[in-house]
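In each ligand, atom 1 is the first atom listed, and ligand 1 is the first ligand listed. Computed from heavy atoms alone, side chains included, the values below leave out hydrogens, waters and symmetry copies.
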Amino acid sequence: MDIQVVTLFPEMIRTGSGFGVCGRAIERGLANVSSINPRDYTADVHKTVDDRPYGGGPGMVLKVEPFQKAITAAKAALSGDGPVIFLSPQGRRFDQGIARELADLSGMVLVAGRYEGFDERLIEAECDDEISLGDFVLSGGEVVALAMIDAVIRLLPGVLGDEASAENDSFSDELFDCPHYTRPEQVDGVAVPKVLLDGNHEEIRRWRLKQALGRTSTRRPDLLAKRQLTDEEERLLREYQIEQQSKQLQQVN
Ligand code: 9D3
């Protein structure tokens, strides 16, 4: 996987992709992450990359020429082929499905903006896809590029061990995780749920599934609505809801 990032802040990309699972995958040659700076493709002494918006108003707009030249260089640097993906608040929202699609490609060019964004003519000329991380305001696309790079690299063959990659294929994006606990058995008087200490693996499986269903239903009912529950899952979810109700009654009394 070859990822070329067009950015005014290459250091953010290099530093941000250098740690943990992602950093190790890059070191092992399973992925390449490089940056190309539009400032290196300016022709004036001031290396100008932005200018005032036509029609007036606040903020600055990124100039076409330095970004277009940088994108051309990024495509040429790409070892294979791949889409040019603009990162902008107007894009379609990134999710695990998009991460999976991108992980099947041999490469991509991610274009991160700053200021008010790109000149529309650059988008019309160069954009194959436009992606947002969600409905909140960031200062630019670099953090979004890093989120996408991390999500995609984790999915590449050989990056994770067998256990974790099995999780990738199954329900990891459809249900929330169950709660996790490690030693010690008591923290500030709060004990680990007994079922996890008893070693009954069928009971543990049922408890974990019940917690995952319950938390997803409480916090993200939209995720659960997308999913057809099995008879066992329906039963466990009802048990969870009854258990939560009796817990709340205990707190009142
Ligand atoms: C406060 C400025 N806004 C005017 C109404 C528009 C605006 C322009 C540029 C808001 C954010 C940005 C910079 N953001 C990105 O480049 C960006 C982004 C984001 O802000 N949120 C979620 N995903 C993305 S992808 C790129």
Basic-acidic side-chain contact under 4.0 Å: K69, E65: yes
Sub-4.0 Å heavy-atom contact, G117 with ligand 1: no
Protein contact of atom 24 (C) of ligand 1 - nearest heavy atom, named by residue and atom, plus distance: V144 CG2, 3.6 Å
Sole residue of E142, M148, E130 in side chain to side chain contact (heavy atoms under 4.5 Å, CB included) with L87: M148
Side chain, backbone, both or neither: E116 near ligand 1, heavy atoms under 4.0 Å: both
Residues forming a ring-ring contact (aromatic ring centres under 6.0 Å, His included) with F118, sequence neighbours excluded: F67, F86
Proximity of S88 to ligand 1 by residue part, where a heavy atom lies under 4.0 Å: backbone
Carboxylate-amine/guanidinium contact D198 K194, below 4.0 Å: yes
Residue-ligand contact Y115/ligand 1, heavy atom below 4.0 Å: yes
Sidechain N-carboxylate O distance under 4.0 Å for E232, K210: no
Salt-bridge criterion met for E27 and R24 (N-O under 4.0 Å): no
Residue portion contacting ligand 1 (non-hydrogen atoms closer than 4.0 Å) for L138: both
Heavy atom of the protein closest to atom 21 (N) of ligand 1 (residue, atom name, distance): F136 O, 2.8 Å
Nearest protein heavy atom under 4.0 Å from atom 2 (C) of ligand 1, yes or no: yes
Protein residue, atom and distance nearest to atom 23 (N) of ligand 1, heavy-atom basis: L133 N, 3.0 Å
Charged N-O contact under 4.0 Å between E202 and R205: yes
Options P89, A112, G134, ranked by nearest heavy atom to atom 22 (C) of ligand 1, top entry: G134
Interfacing atoms of ligand 1 (cut-off 4.0 Å, heavy-atom, S132): 22 (C), 23 (N)
Cationic N near anionic O, under 4.0 Å, E126 to K75: yes
I131-ligand 1 polar pair, N/O distance under 3.5 Å: no
